[in-house]
Amino acid sequence: MIAEGLKGRSILIVDDDPRNTFALLSYLDGMEMKIYTAGDGFQAIESLNNHVSIEIVLMDMMMPEMDGYETIGRIRNNKPTAGIPIIAVTAKAMKGDRDKCLEAGASEYVSKPVNMQELLKKMVDMLNPV
C-alpha cells in the first residue's frame with residue numbers, strides 16, 4: 001500500500017484556501033503522518049524554520065502577497081531548507097505551467113483537482129528514493 005511509505009513522515013501543506021487544506025487533511029488523516037499547515041508563503045517559511053522535521057512541502061502556487069513561485073525561491077535560497085522536496089499544487093493547468101513550476105524550484109507538480117493516488121505516489125517516491 002502506498003500510504004505505508006508515508007507513515008511517520010512530516011509534511012507541510014501550504015494553501016491560502018482553507019477548503020483545499022481541509023480536503024488534503026481529510027484525505028491524509030489516519031496515515032500516521034505529522035501534518036503542518038500554512039495559509040501563505042510567509043507562514044510556510046516560518047513553519048520550515050520552526051519545524052526542522054518537515055520532510056516535504058505541498059505548495060499551492062496561486063496565493064496572494066507571496067505566491068508559490070516566490071516562496072519556493074526563498075525556500076531554495078535558504079541553506080537549511082534548500083533540499084526539501086516541494087510538490088507544486090496548482091489549479092492553473094495551462095500548457096507550460098508544469099515547466100514553470102519546475103523552473104521555479106519545485107521538485108514535482110500536480111494539478112487541481114488533485115488525483116490523490118498520484119499525489120501519494122509522488123510523495124512516497126520523493127521521500128523513499130530507490
Side-chain angles (χ1 to χ4, degrees):
M1 186 166 138
I2 291 175
E4 286 298 313
L6 298 174
K7 190 183 252 185
R9 305 315 279 266
S10 294
I11 70 167
L12 173 63
I13 298 170
V14 185
D15 201 308
D16 64 312
D17 187 336
R19 296 170 296 184
N20 294 331
T21 301
F22 178 78
L24 287 169
L25 283 170
S26 296
Y27 190 83
L28 299 172
D29 188 41
M31 292 190 187
E32 298 181 43
M33 291 184 288
K34 176 67 179 166
I35 303 173
Y36 299 91
T37 61
D40 60 39
F42 297 105
Q43 290 176 8
I45 291 167
E46 183 179 341
S47 291
L48 288 168
N49 289 330
N50 292 336
H51 305 286
V52 295
S53 65
I54 294 172
E55 301 171 86
I56 192 166
V57 177
L58 306 182
M59 179 72 67
D60 178 30
M61 300 308 287
M62 304 306 294
M63 296 182 290
E65 295 183 44
M66 186 188 331
D67 65 16
Y69 300 101
E70 183 178 348
T71 305
I72 290 172
R74 290 186 184 198
I75 291 168
R76 294 292 182 234
N77 288 323
N78 181 16
K79 191 170 184 171
T81 61
I84 294 174
I86 301 171
I87 299 177
V89 182
T90 183
K92 280 186 73 180
M94 306 287 285
K95 184 174 169 65
D97 282 344
R98 182 180 190 280
D99 292 337
K100 185 177 176 185
C101 291
L102 297 177
E103 287 170 15
S107 311
E108 194 47 88
Y109 168 94
V110 296
S111 61
K112 294 177 186 174
V114 175
N115 175 323
M116 292 307 294
Q117 289 300 313
E118 174 189 8
L119 176 62
L120 290 178
K121 181 169 179 359
K122 288 180 181 194
M123 290 170 64
V124 168
D125 289 349
M126 282 189 222
L127 290 171
N128 304 290
V130 178

I would like to know whether Leu24 and Val89 meet side chain to side chain contact (heavy atoms under 4.5 Å, CB included); could you show each step before the answer?
CA-CA 11 Å; Leu24 287 169; Val89 182; 5.5 Å; no
Q. Would you call Asp60 and Asp17 a side-chain contact if the rule is heavy atoms closer than 4.5 Å?
A. no
When you look at Arg9 and Ile56, which way does the side chain to side chain contact (heavy atoms under 4.5 Å, CB included) test go after all the steps? CA-CA 9 Å; Arg9 305 315 279 266; Ile56 192 166; over 6 Å; no
Less than 4.5 Å apart, side chain to side chain, heavy atoms only: is that true for Met66 and Arg74? yes
Q) Does the side chain to side chain contact (heavy atoms under 4.5 Å, CB included) test come out yes or no for Asp16 and Glu65, once each step is laid out? A) CA-CA 10 Å; Asp16 64 312; Glu65 295 183 44; over 6 Å; no
Looking only at atom types and distance, does a side-chain atom of Glu32 sit under 3.5 Å from a main-chain N or O of Gly8, one as donor and one as acceptor?
no
Practice prompt. Report whether Met116 and Leu127 are members of the same hydrophobic cluster (ILVMFWY, side-chain heavy atoms less than 4.5 Å apart, transitive linking).
Written response: yes
hydrophobic_cluster_shared for Ile86 and Phe42, side chain cutoff 4.5 Å: yes
### Query
Between Thr71 and Val14, is any pair of side-chain heavy atoms under 4.5 Å apart?
no
Worksheet item: Is any NZ, NE, NH1 or NH2 atom of the basic residue among Lys112 and Asp15 found under 4.0 Å from an Asp or Glu carboxylate oxygen of the other?
Response: yes
Quick note, side-chain hydrogen bond (donor to acceptor under 3.5 Å, both in side chains) partners involving residues 33-49, not counting sequence neighbours, are Asn49-Asn78
Is Glu103 paired with Arg98 through a side-chain N to carboxylate O contact shorter than 4.0 Å?
no
Q: Start with the C-alpha gap between Asp97 and Met61, add the side-chain angles, then the distance that decides, and say whether side chain to side chain contact (heavy atoms under 4.5 Å, CB included) holds.
A: CA-CA 10 Å; Asp97 282 344; Met61 300 308 287; over 6 Å; no
Check: Would a 4.5 Å heavy-atom cut-off, applied to side chains only, mark Ile75 and Met59 as touching?
Finding: yes
Under a single-linkage definition using a 4.5 Å side-chain heavy-atom cutoff for Ile, Leu, Val, Met, Phe, Trp and Tyr, are Leu102 and Ile72 assigned to the same hydrophobic cluster? no
